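Residue numbering restarts at 1 for every chain, and letters A, B, ... go by the order of the sequence lines. As the structure is a prediction and not an experimental result, all values here were calculated from the model.
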Amino acid sequence: MLDIKFIRENAEVVKTAVLNKNEKTDIKKLISLDNRKRTLQFEYDRYRNDQRVLSQKIPKFKAIGKDVTDLLDDLKERAMIVKKTLDKLNQVSLELEKELLTVPNIPHVSVPIGKDESANTFVREWGEKKEFDFAPKDHFELVQQNDLLDFKRAAKLSGHGFAFYTDKGALLERALINFMLDFHIKKHGYKEISAPFIVNRSTMTGTGQLPKLEEDMYLIEQDDLFLIPTAEVSVTNIFADEIVHHKILPQKFVSYSPCFRREAGSYGKDTKGLQRLHQFNKVEMVRFVKPGNSYIAFEKMLVDAEEILQELGLHYRIMTISSGDLSFASTKTYDIEVWAPGAKKYLEVSSVSNFEDFQARRASIRFRDENGKVKFVHTLNGSGLATPRTYIALIENYQNMDGSFSLPVCLKPYIQDIWQEVLFV
RNA sequence: GGAGACGUGUCCGAGUGGUUGAAGGAGCACGCUUGGAAAGCGUGUGUGCGUUCACGCGUACCCAGGGUUCGAAUCCCUGCGUCUCCGCCA
């Protein structure tokens, strides 16, 4: 969430941001609510002060045996006015708070302005599209042929968008997850954390999924709890409602979790195989940093994610997400897209975002700096990486003419003992 | 699921319904002391909102939300959370 003072003083900037992000928040209404609230607050404070001062006279009057009947009558009336004013104040505050939660974060100046993903801009790429001297198969064919996945039976249990990973198929995914976790821990100094997969409403509001994206979340109505759509939610909220010591910053977490997404509104999109699932696995990086350092951390986190693909030997490109495609809470996001030669397209396997203090303000994550001043931290996160699409790219890129495939050596320690026939290159 | 206990500041811990933002301690910061440190002594040490050029002032907050009262950290109700015991189950 944005600072109401900032909105008050930079209404035009915020309006433009809302427009550029294709949001609909009514900033004019918000500001008039804010004015209303401050007026009521002022009135309340004054009434309340009068009330307290007069109230305190009662014990003093009684002590000297003075009659308090008139004073009490007066105070009863004042109590009513105070109550009425407070009710109004509470109502307006609530309304303001609700509106405030629908104001998106402001895109960073370096973000391209544009309507949608067509305005995303190319940053850099690594490697190149692999050439085959045969027609490469897509992952859907390859996983059938190698008995790695079973979509049909999964659909029997859960409907479309779920998968059984079977035998070597499961081993391969587990290997990927472990490789990625170990790599971030050993090479990049992240601290591993395994977090709850089910969280409450305020946690989901803290990171910005609510109220806007409620339809995309799985809700356990009985307990009003949500299945997390990404470990970002659980991990970022770890310091919610805390003022942490500056010495613990920066803080870098890496976390494996399954991710649950209803994908409302994406029906008919990427329906085949592993491209879009209601449940998938992901290794997520989350960083907490001091305000001035978040864009440096942001670039570093991007590189952390890239290095996974480099180890896996997969060609990818990096795109800067344009304002219209940028998520609600983010100021700037890079997508990493890996090349899938079977699908003949780039697949998004990572999104690296800076939220500056937007999430910190919502979740109230603050720190006391060297001078004892309380400030909001900056939060960032990035996939490192999501497994299904990485899986697609992996087997499509490493496939042989006969439909078998080899694997990059970085996965060898995780696989060789169990799966001896596979070739590592 | 059943029974009970409890939720106060960075932490521990007081708190008879009436200047209580909250005793006391620890910690932390600064100063004095010291060759240096420890100990000791002194001072300071909440967050949000509003207001002020500023010192400050006002107000809210003792888990959350309601209620009683002229007045609530203190009384009542509800919810949430933590802990203990029992039951059940990975």
Handout entry: Rounded distance in Å between the P positions of C61(B) and A73(B)
Key = 6 Å

Practice task
Sorted by first residue and then second, give each side chain to side chain donor-acceptor pair (under 3.5 Å) pair with at least one member in residues 50-65 of chain A; sequence neighbours left out.
Solution key: R48(A)-Q51(A)

Handout entry: Ion pair check, E284(A) and K282(A), cut-off under 4.0 Å
Key = yes

Completion exercise
pair_partner(G21(B)), Watson-Crick or wobble, both distances < 3.5 Å, evaluates to none

Completion exercise
Taking a pair to mean Watson-Crick or G-U wobble geometry with both distances below 3.5 Å, A38(B) pairs with none

Practice task
Please confirm whether Y391(A) and Y165(A) have ring centers closer than 6.0 angstrom.
Solution key: yes

Problem - Distance test, side-chain N/O of N49(A) to OP1/OP2 of U59(B), below 4.0 Å - result: yes

Problem - Listed once per pair and sorted, the ring pair (Phe, Tyr, Trp, His ring centres under 6.0 Å) pairs that draw on residues 71-115 of chain A, sequence neighbours left out - result: H108(A)-Y295(A)

Handout entry: Rounded distance in Å between the P positions of G58(B) and C63(B)
Key = 25 Å

Exercise for the section: Return the nucleotide paired to C6(B): Watson-Crick means purine N1 to pyrimidine N3 with N6-O4 or O6-N4, wobble means G-U with N1-O2 and O6-N3, both under 3.5 Å. Expected result: G81(B)

Exercise for the section: Pick the P atom in A14(B) and in G9(B), then give their distance to the nearest Å. Expected result: 13 Å

Completion exercise
Heavy-atom contacts, protein to nucleotides 46-56 of chain B, under 4.0 Å, summarised as B (base), S (sugar-phosphate only) or - (none) per nt, yield SSSSSS-----

Exercise for the section: With C1' as the reference atom in both, quote the distance from G17(B) to U74(B) in angstrom, rounded to an integer. Expected result: 6 Å

Problem - Euclidean distance for C1', A38(B) against U52(B) (whole angstrom) - result: 46 Å

Handout entry: Integer angstrom distance from the P of G40(B) to that of A26(B)
Key = 8 Å

Exercise for the section: Calculate the interatomic distance between E242(A) atom CD and C11(B) atom C1'; express it in whole Å. Expected result: 13 Å

Fill in the blank from the handout: pair_partner(G1(B)), Watson-Crick or wobble, both distances < 3.5 Å, evaluates to C86(B)

Practice task
List in chain and number order the residues that pass ring pair (Phe, Tyr, Trp, His ring centres under 6.0 Å) with F355(A), two or more places apart in sequence or in another chain; answer none if no residue qualifies.
Solution key: none

Handout entry: Rounded distance [0.5 Å steps], OG in S202(A) versus CG in D224(A)
Key = 10.5 Å

Practice task
Verify the ring-centre separation between F260(A) and F197(A): is it less than 6.0 angstrom?
Solution key: no

Practice task
Scan R46(A) against the nucleic acid and name what it touches under 4.0 Å (heavy atoms): base, sugar-phosphate only, or nothing.
Solution key: nothing

Exercise for the section: Sorted by first residue and then second, give each side chain to side chain donor-acceptor pair (under 3.5 Å) pair with at least one member in residues 75-86 of chain A; sequence neighbours left out. Expected result: D74(A)-R78(A), K83(A)-D87(A)

Problem - Centroid-centroid distance, F358(A) to F328(A), less than 6.0 Å - result: yes

Exercise for the section: Could you encode protein contacts along nucleotides 61-75 of chain B as a string, one character per nucleotide from 5' to 3', using B for base contact, S for sugar-phosphate-only contact and - for no contact, with a heavy-atom cut-off of under 4.0 Å? Expected result: ------S--BSS---

Practice task
Tell which nucleotide pairs with C28(B), taking only Watson-Crick or G-U wobble pairs whose two distances are both under 3.5 angstrom.
Solution key: G44(B)

Problem - Residues K373(A), D369(A): salt bridge by 4.0 Å N-O rule - result: no

Practice task
Using the C1' atoms only, state how far U8(B) lies from G25(B), rounded to an integer number of Å.
Solution key: 15 Å

Handout entry: U69(B) pairs with, by Watson-Crick or G-U criteria that keep both distances under 3.5 Å
Key = none

Exercise for the section: Return the nucleotide paired to C55(B): Watson-Crick means purine N1 to pyrimidine N3 with N6-O4 or O6-N4, wobble means G-U with N1-O2 and O6-N3, both under 3.5 Å. Expected result: none

Exercise for the section: Just name whichever nucleotide pairs with C62(B), Watson-Crick or G-U, keeping both distances under 3.5 Å, else none. Expected result: none

Handout entry: Separation of the P atoms in G2(B) and G87(B), to the nearest angstrom
Key = 16 Å

